[in-house]
Every structure is written in C-alpha cells, then in structure tokens.
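Contents: one structure, followed by commentary.
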Amino acid sequence: MFSKKVEAALNTQVKLEGYSSHIYLAMAVWAEGQGFEGVANFMYKHSDEERAHMLKLVKFMTERGSEATIPAIDQPPTQFSSLKELFTALLEHEMGVTQAINGLVHLTLGEQDYTTHNFLQWYVAEQIEEEALARTILDKLKIIGEESGSGIYMFDRDINGLVVTSANVDPVA
Ligand code: FEO
C-alpha cells in the first residue's frame, strides 16, 4: 500500500500522462490537417506511448493494492501557428513532465517508499530521452528554416525515423 501522499501524487501523474496523450493527439490532428503526414504519424505514435505511460502507472498502483482514479482530461490546445511552435510546445510540455516526475521521486524518498522510488526510475530515464528528442527536432527545424518548402518536405518525410528508444522497451511491463 502507498501512503496517502504517494497515492495522491501517483494519481496526479496518471492524469498528466493522460493529458500528454491527449495533447499529442491534438498535435497529430493539427499536423494531418496541415498536410504534414510524417509529423502526424510521429504524434499519433507519441500519443500512444503516453497512454502506455499512464497505463504502466495504473497497473503498478493496482498491483500494490490501490485503485488509480481515472481522471477527466483537460482540453489541450488544438491550433498551432507553425511546426516550430508545435515542437516548442512539445519540449515545454515534456520539461513540465520531468519536473513532475522529479517531484514524485523526491516525495517517495521522504515517505521512505523505496519500491515506488525504484519503479519511477523508468520514468526518469524516459524523460531524458524525450527531452533530448524534442531538442534534436527543434535543432533540425532551426537548420532548415521554416521558409524552405523542400527542407520541410524532407523533415516531414524523415521524422518517422525519430523515436524515443526507451519508450519502446515494453512500456506496460
Ligand atoms: Fe510520459 Fe512524454 O512523458
């Protein structure tokens, strides 16, 4: 069983991962509407990964005798002015998630919940990968410049090859 504080914080994280899935789904729909098929696929996959992150938390809580609260999910932004704005929003969102994970890790130490502390290390590693990927993508966009039609075409074609490697390692195990 968890302490009340750890249980509440895990539920907050369930909601944040669910919101992450939602925000990337909204980004996928926007990108598809703009004709960026590669970016849309990337975002659809990313949305699925975030759902897996949420599910991994839900299952961990169930295994330890606690029922996760499945939350209402807030409306994410649906409009973006450019790919740069889109990926900047992604990076900023992931930086916020990293902060939330760090806060959770800190709390588990204070509560002497070493099992949850250990479980959360997967998320710590994941956040490093996700932030690094977002920065790589933004760097590429900076090099291309948004006015270059052929550059953006190639960016959209190649983005399918960019994945978060750790997220693909059995995310719900
Ligand atoms: Fe589940 Fe992108 O953090």
Side-chain angles (χ1 to χ4, degrees), residues 12-59 70-106 119-173:
T12 301
Q13 194 63 34
V14 166
K15 180 167 177 154
L16 185 55
E17 300 292 347
Y19 180 72
S20 301
S21 178
H22 231 48
I23 195 172
Y24 297 137
L25 185 57
M27 287 177 172
V29 170
W30 177 84
E32 198 158 25
Q34 304 294 312
F36 298 127
E37 211 178 309
V39 174
N41 282 341
F42 174 86
M43 291 295 182
Y44 281 124
K45 275 190 279 179
H46 206 138
S47 174
D48 284 347
E49 279 167 15
E50 297 297 352
R51 187 175 186 282
H53 297 177
M54 178 179 70
L55 210 55
K56 188 176 169 80
L57 280 161
V58 168
K59 291 191 170 181
I70 304 305
I73 296 186
D74 299 333
Q75 170 75 54
T78 57
Q79 295 303 315
F80 304 89
S81 60
S82 63
L83 287 177
K84 187 167 170 239
E85 187 188 305
L86 187 83
F87 283 102
T88 301
L90 184 150
L91 175 59
E92 283 171 359
H93 180 73
E94 288 303 333
M95 287 165 69
V97 175
T98 301
Q99 258 184 350
I101 293 289
N102 288 345
L104 197 44
V105 168
H106 186 71
F119 166 78
L120 288 171
Q121 298 313 305
W122 184 88
Y123 288 84
V124 172
E126 176 67 16
Q127 284 314 117
I128 295 169
E129 295 290 333
E130 294 217 10
E131 281 194 30
L133 179 63
R135 289 195 175 91
T136 301
I137 292 171
L138 278 170
D139 285 346
K140 283 185 193 300
L141 279 173
K142 213 180 289 173
I143 292 164
I144 294 163
E146 296 223 29
E147 311 80 49
S148 161
S150 56
I152 292 293
Y153 175 83
M154 282 192 282
F155 171 84
D156 187 55
R157 190 195 59 190
D158 293 347
I159 194 168
N160 269 324
L162 295 172
V163 287
V164 178
T165 44
S166 65
N168 293 334
V169 181
D170 203 7
V172 280

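- Contact between P76 and Y19 at its shortest, heavy atoms only, is CA-OH, 3.5 Å.
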Worksheet item: Can you check side-chain contact (heavy atoms from CB on, under 4.5 Å) on T78 and V29, steps first, answer last?
Response: CA-CA 8 Å; T78 57; V29 170; over 6 Å; no
Discussion item. Could you go through V124 and Q121, starting from their C-alpha distance and side-chain angles, then the distance that decides it, and tell me whether this counts as side-chain contact (heavy atoms from CB on, under 4.5 Å)?
Written reply: CA-CA 5 Å; V124 172; Q121 298 313 305; 4.1 Å; yes
Practice prompt. Apply side-chain contact (heavy atoms from CB on, under 4.5 Å) to the pair H93 and M27, showing each step before the final yes or no.
Written response: CA-CA 12 Å; H93 180 73; M27 287 177 172; over 6 Å; no
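- Put simply, CE on M54 and CD1 on I73 are 6.0 Å apart, with the number rounded to the nearest 0.5 Å.
- Contact between A26 and P77 at its shortest, heavy atoms only, is CB-O, 3.4 Å.
- Using a 4.5 Å heavy-atom threshold, the side chains of K15 and D74 count as touching.
- By the 4.5 Å heavy-atom criterion applied to side chains, I152 and L141 are counted as neighbours.
- A134 and L90 make their closest contact through CB-CD2, 3.5 Å (heavy atoms, listed as atom of the first residue, atom of the second, distance).
- Checked for salt-bridge contact, E131 and R135 meet the test: a charged N lies under 4.0 Å from a carboxylate O.
- Note that CZ of F155 and CZ of F87 are 4.5 Å apart. Values are rounded to the nearest 0.5 Å.
- The salt bridge (charged side-chain N to carboxylate O under 4.0 Å, His left out) contacts involving residues 83-102 comprise nothing, where partners must be two or more places apart or lie in separate chains.
- Shown here for I159 and V39, the closest heavy-atom pair between the two residues is CG2-N, 3.6 Å.
- Within the 4.5 Å cutoff, side-chain heavy atoms of I70 are placed close to those of V58.
- Checking side-chain atoms of Y123 against main-chain N and O of V105 turns up no donor-acceptor pair under 3.5 Å.
- Between E49 and H46, the side chains place no donor N or O within less than 3.5 Å of an acceptor N or O (distance only, hydrogens not considered).
- L83 CG to D156 CG: the interatomic distance, rounded to the nearest 0.5 Å, is 7.5 Å.
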Worksheet entry | Chi angles and distances behind the side-chain contact (heavy atoms from CB on, under 4.5 Å) call for V97, Q13 | CA-CA 9 Å; V97 175; Q13 194 63 34; 4.0 Å; yes
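- Between L57 atom CG and F119 atom CZ the span is 4.5 Å, to the nearest 0.5 Å.
- Between atom CG of residue L25 and atom CZ of residue R51 there is a gap of 12.0 Å, rounded to the nearest 0.5 Å.
- Note that OG of S21 and CG of D48 are 7.0 Å apart. Values are rounded to the nearest 0.5 Å.
- Between T136 and K140 the shortest side-chain heavy-atom distance falls below 4.5 Å.
- Between the side chain of S47 and the backbone N or O of M43 there is no donor-acceptor pair closer than 3.5 Å.
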